[in-house]
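Remarks on the structure that follows.
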Amino acid sequence: MHHDAQEKLDYEGELCIILGRDAKNISEAEALDYVLGYAIGNDVSARNFQLPDVSGGQFCYAKSFDTFAPIGPAI
């Protein structure tokens, strides 16, 4: 991880839903038919890159560094 991304590193544990096939415009009743399983995820953010003058207002910029969204170890 680049040194500049470590200055204000933050993380959140999250439940990840793993889809087993493409899904679009499905009903709520059909939704679980598309779920393959679940996993634990770590939503990592470099908070110093979320500032509007750095990111240009792009919230996802601070979350898009390599290794910033590990999931697993199993589904």
Side-chain angles (χ1 to χ4, degrees):
M1 175 183 329
H2 194 275
H3 177 70
D4 291 345
Q6 296 176 17
E7 184 180 329
K8 291 188 178 181
L9 200 61
D10 195 10
Y11 58 91
E12 303 169 62
E14 298 190 356
L15 174 64
C16 299
I17 299 169
I18 312 299
L19 298 180
R21 55 191 173 125
D22 291 345
K24 184 175 180 178
N25 300 323
I26 60 172
S27 69
E28 183 177 346
E30 295 176 289
L32 290 179
D33 295 338
Y34 291 80
V35 175
L36 176 68
Y38 304 91
I40 296 169
N42 189 354
D43 182 7
V44 182
S45 300
R47 297 293 182 202
N48 53 318
F49 283 90
Q50 281 185 317
L51 303 172
D53 58 327
V54 176
S55 69
Q58 297 295 317
F59 185 78
C60 293
Y61 181 68
K63 298 177 173 286
S64 61
F65 292 93
D66 288 346
T67 73
F68 264 35
I71 64 168
I75 298 175

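Not measured: the values here are computed from a predicted model. By convention here, the first residue in the shown sequence is residue 1. The analysis underlying the following values was restricted to heavy atoms, covering all of them including side chains, and did not include hydrogens, waters or symmetry mates.
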- Within a strict 4.5 Å, meaning less than it, do heavy atoms of the Phe65 and Leu9 side chains meet?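 No - every pair of side-chain heavy atoms lies 4.5 Å or more apart.
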How many angstroms lie between atom [atom1] of [X] and atom [atom2] of [Y], to the nearest 0.5 angstrom?
X: Lys8; Y: Ser45; atom1: NZ; atom2: OG; result: 13.5 Å
X: Phe49; Y: Cys60; atom1: CZ; atom2: SG; result: 15.0 Å
X: Lys63; Y: Asp10; atom1: NZ; atom2: CG; result: 8.0 Å
X: Arg21; Y: Ile26; atom1: CZ; atom2: CD1; result: 8.0 Å
X: Leu15; Y: Ile71; atom1: CG; atom2: CD1; result: 11.0 Å

- Task: Would you check, one step at a time, whether the test side-chain contact (heavy atoms from CB on, under 4.5 Å) holds for Ile75 with Tyr38?
- Result: CA-CA 5 Å; Ile75 298 175; Tyr38 304 91; over 6 Å; no
- Query: Should Arg47 and Glu7 be marked as a side-chain contact (heavy atoms from CB on, under 4.5 Å) after you check the CA-CA gap, both sets of side-chain angles, and the distance that decides it?
  - Reply: CA-CA 8 Å; Arg47 297 293 182 202; Glu7 184 180 329; over 6 Å; no
- Query: So with a 6.0 Å cut-off around CD1 of Ile40, is the heavy-atom count from everything else above 12?
  - Reply: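 No, CD1 of Ile40 has 12 or fewer neighbouring heavy atoms, counting only those of other groups under 6.0 Å.
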- Query: Stepwise, does the side-chain contact (heavy atoms from CB on, under 4.5 Å) test hold for Tyr34 with Ile17?
  - Reply: CA-CA 10 Å; Tyr34 291 80; Ile17 299 169; over 6 Å; no
- Query: Shortest non-hydrogen contact from Ala39 to Ala74?
  - Reply: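 Between these two residues, the closest heavy atoms are CB-O, 3.5 Å.
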